[in-house]
2 protein chains.
Amino acid sequence: MTEPEWQERLRASGHRLTKQRAMILEAVENLGHATPDQVHAEVRRTSPSVNLSTIYRSLEVLNELGLVRHAHLSDRAPTYHSATGEEHAHLICRDCGRQTSVSRKELAAALGGLVDGKGFQPDYGHLTIFGWCQTGCHEQVEQPSA
Amino acid sequence: MTEPEWQERLRASGHRLTKQRAMILEAVENLGHATPDQVHAEVRRTSPSVNLSTIYRSLEVLNELGLVRHAHLSDRAPTYHSATGEEHAHLICRDCGRQTSVSRKELAAALGGLVDGKGFQPDYGHLTIFGWCQTGCHEQVEQPSA
DNA sequence: TTGGTTGCAAACTATTTGCACGCGA
DNA sequence: TCGCGTGCAAATAGTTTGCAACCAA
């Protein structure tokens with residue numbers, strides 16, 4: 001995502017270019033995967049007055065414009081990530097919490113036949129597959145880093 | 001799930017057989033797919049005094065024992081369904097809200113090669129794939145029946 | 001009898017909304 | 001200037017928890 005591109009997409013859609021939106025987009029790109037709360041904390045490091053509700057409203061706009069994506073990596077909060085990187089789905093182990101990424105390409109190859117037959121186009125980047133590592137991950141009880 | 005089987009599973013795991021648990025299990029089986037709130041409403045039709053927190057606590061126990069399953073069909077509440085029927089995943093259209101079921105068998109056939117290679121065993125019954133119907137569903141704005 | 005279960009109320013977490021002010025275009 | 005966007009506080013929605021009474025075993 002080049003600097004001017006996201007600015008242009010905002011304007012083209014009738015939205016305004018604000019400091020907050022810039023900071024939020026940057027925070028998401030820096031953090032990798034982050035919940036709204038984590039984005040808030042990151043943004044506050046440099047701008048303590050930014051409100052949580054602004055985070056929610058902005059993430060929604062950025063998401064609609066395809067500037068960020070989100071997935072549900074836990075039953076709780078959604079996690080947002082940059083839309084710059086390759087679109088990918090997540091595999092999550094219920095025992096050890098380990099996250100594995102699967103590229104859109106790989107997934108589409110596997111699921112394509114099945115969903116095409118049903119006239120359905122999956123949102124691969126939003127997909128999270130819960131399950132279990134097949135090999136002794138029971139030994140690790142660590143949770144994924146917050 | 002035969003009558004005595006779930007009773008046995010409860011006892012075998014050191015839990016007690018209560019009217020509430022029986023009613024909740026029955027409600028889930030009658031409703032097909034239902035949120036905790038909807039289960040609560042259903043149970044209340046015959047027993048108005050049952051509390052919502054009992055619904056949550058019971059669904060958790062029943063889920064642990066494999067007597068019910070749940071998936072996240074919306075970003076809001078989880079929906080529970082019977083574990084008696086065939087294990088299945090869900091496809092959900094973001095435009096028209098239509099839900100389609102995919103059997104565990106079908107999905108496992110498609111995803112097997114991919115996840116086996118990663119040493120991962122998916123929880124197919126918990127899987128929800130969001131996306132879009134490929135054919136003009138834009139015309140229907142109906143939401144799925146509650 | 002006894003400890004798992006429940007009802008109730010309050011606490012919590014995540015998210016949304018109304019409103020007046022501020023700022024981008 | 002105009003009206004979208006923001007900060008703030010309060011409202012919502014969903015879920016969890018402490019505790020005393022209750023009841024299945």
Side-chain angles (χ1 to χ4, degrees), chain A residues 4 6-25 27 33-44 46-65 67-68 70-80 143 146, chain B residues 4 6-28 33-44 46-65 67-68 70-80 143 146:
Chain A
W6 62 267
Q7 303 186 352
E8 170 138 1
R9 268 207 238 177
L10 268 179
R11 261 197 226 91
S13 56
H15 290 94
R16 287 180 185 168
L17 208 54
T18 66
K19 261 178 271 174
Q20 288 88 337
R21 285 175 180 163
M23 292 189 293
I24 289 166
L25 183 53
H33 288 89
T35 62
D37 220 55
Q38 293 169 329
V39 172
H40 188 212
E42 175 69 10
V43 169
R44 281 198 151 180
T46 55
S47 284
S49 68
V50 176
N51 195 274
L52 223 204
S53 59
T54 298
I55 305 289
Y56 279 100
R57 289 188 278 225
S58 296
L59 285 174
E60 192 184 345
V61 170
L62 296 174
N63 186 67
E64 276 169 13
L65 297 181
L67 295 171
V68 300
H70 76 280
H72 302 270
L73 305 190
S74 80
D75 282 3
R76 278 282 184 194
T79 66
Y80 287 81
Q143 284 307 299
Chain B
W6 61 266
Q7 303 187 352
E8 171 139 0
R9 269 207 236 177
L10 269 180
R11 261 198 227 92
S13 57
H15 290 94
R16 286 180 186 170
L17 209 54
T18 65
K19 260 177 270 173
Q20 288 88 337
R21 286 176 180 161
M23 291 189 292
I24 289 167
L25 183 54
E26 196 190 342
V28 169
H33 288 90
T35 62
D37 220 55
Q38 292 169 330
V39 172
H40 188 212
E42 175 69 12
V43 169
R44 280 198 151 180
T46 54
S47 284
S49 69
V50 176
N51 195 273
L52 224 204
S53 59
T54 298
I55 304 290
Y56 279 98
R57 289 188 278 224
S58 297
L59 286 174
E60 192 184 344
V61 169
L62 296 174
N63 187 66
E64 275 167 15
L65 297 182
L67 295 171
V68 301
H70 77 280
H72 302 269
L73 305 189
S74 81
D75 282 2
R76 279 281 184 195
T79 66
Y80 287 80
Q143 284 307 299

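Computed from a prediction, not measured in an experiment: that's the story for all the values here. Naming: A, B, ... by sequence-line order, numbering from 1 per chain.
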What pairs with [X] under side chain to side chain donor-acceptor pair (under 3.5 Å), at least two apart in sequence or on another chain?
X	result
A/Asn51	A/Ser53
B/Arg44	B/His40
B/Arg21	none
B/Glu42	B/Arg45

To the nearest 10 degrees, what angle separates the axes at the start and end of the helix from C/dT1-D/dA25 to C/dA25-D/dT1, five pairs each?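 The angle, to the nearest 10 degrees, is 40°.
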Positional range of nucleotides in DNA chain D within the contact set of chain A, heavy-atom, under 4.0 Å: D/dG3 to D/dT16
Residues of residues 51-61 of chain A with any non-hydrogen atom less than 4.0 angstrom from an atom of DNA chain C: list those, numerically ordered, please.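 The answer is A/Leu52, A/Ser53, A/Tyr56, A/Arg57.
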Could you identify which residues of residues 10-18 of chain B place a heavy atom less than 4.0 Å from some atom of DNA chain D, listed by residue number, or say none? B/Arg11, B/Arg16, B/Leu17
Closest heavy-atom pair, B/Gln20 versus B/Val50, reported as atoms and distance to 0.1 Å, is CG-CG2, 4.2 Å
Checking A/Ser49 now: which residues fulfil side chain to side chain contact (heavy atoms under 4.5 Å, CB included) with it, not counting sequence neighbours?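 A/Ser49 satisfies side chain to side chain contact (heavy atoms under 4.5 Å, CB included) with no residue once adjacent residues are dropped.
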Any protein N or O atoms within reach of nucleotides 10-12 of chain C? Criterion: under 3.5 Å, listing atom names and distances.
none

Please classify the nucleic acid contact of B/Pro78 as base, sugar-phosphate, or nothing, using heavy-atom distances under 4.0 Å.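 Sugar-phosphate contact only.
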Partners of A/His15 by ring pair (Phe, Tyr, Trp, His ring centres under 6.0 Å), sequence neighbours excluded?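 So A/His15 forms no ring pair (Phe, Tyr, Trp, His ring centres under 6.0 Å) with any residue.
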Which residues pass the ring pair (Phe, Tyr, Trp, His ring centres under 6.0 Å) test with B/His72, sequence neighbours left out?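 With sequence neighbours excluded, B/His72 shows a ring pair (Phe, Tyr, Trp, His ring centres under 6.0 Å) to B/His70, B/His126, given in chain and number order.
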Quick check: on DNA chain D, is the nucleotide nearest A/Val50 upstream (toward 5') of the one nearest B/Pro36, or the reverse? Name the residue that is more 5'.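 Its nearest nucleotide lies further toward 5', so the answer is A/Val50.
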